[in-house]
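For reference, the structure is listed below as structure tokens.
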Amino acid sequence: MFKAGSYIVYGTKGVCKVDAIGSINVPGVDKCRLYYTLSPVSSPSGTIYTPVENSKVAMRSILSREEALQLIQEIPSIEAMKIPNEKEREQLFQQALLTCDCREAVRIIKTLYKKRIQRMEAGKNATAMDQRYLQYAQDQLYGELAIVLDIEKTEVEDYIATLIHEHKYMEELEYEACSD
């Protein structure tokens, strides 16, 4: 069970703050059943009520700072999604986002960046569906990393790029030191 005041990832809604845990006073709802009262970080005026034992929507604690930094270091080695059939692409994206797994969001982002480059080289724009799923994946990933790393969501992409660049530079220095 999550604690009041903690942050969690709730399905495709992204990061939410657990405001309260308890029964809710709604007609037709079992008064003995415990619910989380959640405030989505992306929509602070919204409120979500979900049963504590909800098995239909993925819920998990947000990453720790260490886990977030480790994920960022792994991003270069995380592979884009393999999409055997373009007609199944949207379904694969939906399934990946429903897992609430940061690595799946990275895979979607990488897939759609590659797809955008291919389309640009062919003189075409990205499709509306691709733009929509890229935005969903970025919102999910960047929203969580912003909370964990205590930075603005708009700064996350540059932060990731900087850390990856620094990590590669450090690896190069270590390689040079070993080969001397």
Give a yes or no on whether the backbone of [Y] and the side-chain of [X] come within a donor-acceptor separation of less than 3.5 Å.
X      : Y     : result
Gln140 : Leu97 : yes
Lys3   : Val18 : no
Tyr36  : Phe2  : yes
Lys114 : Ala80 : no
Thr37  : Asp19 : no
Glu67  : Ser64 : yes

Compare all side-chain heavy atoms of [X] with those of [Y] and state whether any distance is below 4.5 angstrom.
X      : Y      : result
Asn54  : Tyr10  : yes
Lys82  : Thr111 : no
Asp150 : Arg65  : no
Val148 : Tyr7   : no
Leu145 : Tyr159 : no
Glu104 : Leu98  : no
Gln138 : Ile109 : yes
Val15  : Ile8   : no

Is there a chain of hydrophobic side chains (I, L, V, M, F, W, Y, each step under 4.5 Å between heavy atoms) that links [X] to [Y]?
X      : Y      : result
Tyr133 : Ile78  : yes
Ile117 : Ile108 : no
Val29  : Val52  : no

Value rounded to 0.5 Å, distance of [atom1] in [X] from [atom2] in [Y]:
X      : Y      : atom1 : atom2 : result
Gln94  : Glu88  : CD    : CD    : 12.5 Å
Leu112 : Arg132 : CG    : CZ    : 11.0 Å
Asp30  : Ile24  : CG    : CD1   : 10.0 Å
Met1   : Ile21  : CE    : CD1   : 5.5 Å

Counting heavy atoms not belonging to [X], are there more than 12 under 6.0 Å from its [atom1]?
X      : atom1 : result
Tyr49  : OH    : no
Tyr142 : OH    : yes
Glu86  : CD    : yes
Glu79  : CD    : no
Met129 : CE    : yes
Asn85  : CG    : yes

Inset, instruction - Answer with yes or no whether the side chains of Gln70 and Glu74 bring together a donor and an acceptor at under 3.5 Å. - result: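 Gln70 and Glu74 do have a side-chain donor-acceptor pair below 3.5 Å.
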Taking all non-hydrogen atoms of both residues into account, name the closest pair between [X] and [Y] and its distance.
X      : Y      : value
Lys17  : Gly5   : CE-O, 3.8 Å
Gln131 : Ala126 : CG-CB, 4.0 Å
Thr99  : Gln95  : CG2-O, 3.3 Å
Cys16  : Pro40  : SG-CA, 3.6 Å
Ala96  : Met81  : CB-CE, 4.2 Å
Leu134 : Arg116 : CD2-NH2, 3.5 Å

Legend entry - Test applied, side-chain contact (heavy atoms from CB on, under 4.5 Å); reference residue, Leu149; option that passes from Ile160, Leu163, Leu63, Leu69: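 Of the listed residues Ile160, Leu163, Leu63, Leu69, the side-chain contact (heavy atoms from CB on, under 4.5 Å) partner of Leu149 is Leu69.
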Legend entry - Qualifying residue for side-chain contact (heavy atoms from CB on, under 4.5 Å) with Cys102, from Leu71, Ile62, Val9: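 Testing each of Leu71, Ile62, Val9 against Cys102, the sole residue satisfying side-chain contact (heavy atoms from CB on, under 4.5 Å) is Leu71.
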Legend entry - NZ/NE/NH1/NH2 to OD/OE distance under 4.0 Å, Arg89 and Asp130: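 Salt bridge: yes.
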Inset, instruction - Salt-bridge test for Lys153 and Asp139: reply yes if a basic N is under 4.0 Å from a carboxylate O, no otherwise. - result: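 Answer for the salt bridge query: yes.
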Legend entry - CA sep, side-chain torsions, deciding dist, call: Ile83, Phe93, side chain to side chain contact (heavy atoms under 4.5 Å, CB included): CA-CA 10 Å; Ile83 300 176; Phe93 291 158; 4.0 Å; yes
Inset, instruction - Give the intermediate values and the outcome of side chain to side chain contact (heavy atoms under 4.5 Å, CB included) for residues Thr127 and Lys115. - result: CA-CA 10 Å; Thr127 67; Lys115 183 84 169 164; over 6 Å; no
Inset, instruction - Check the pair Leu38, Lys13 against side chain to side chain contact (heavy atoms under 4.5 Å, CB included), reporting the backbone distance first and the verdict last. - result: CA-CA 10 Å; Leu38 307 174; Lys13 298 294 183 188; over 6 Å; no
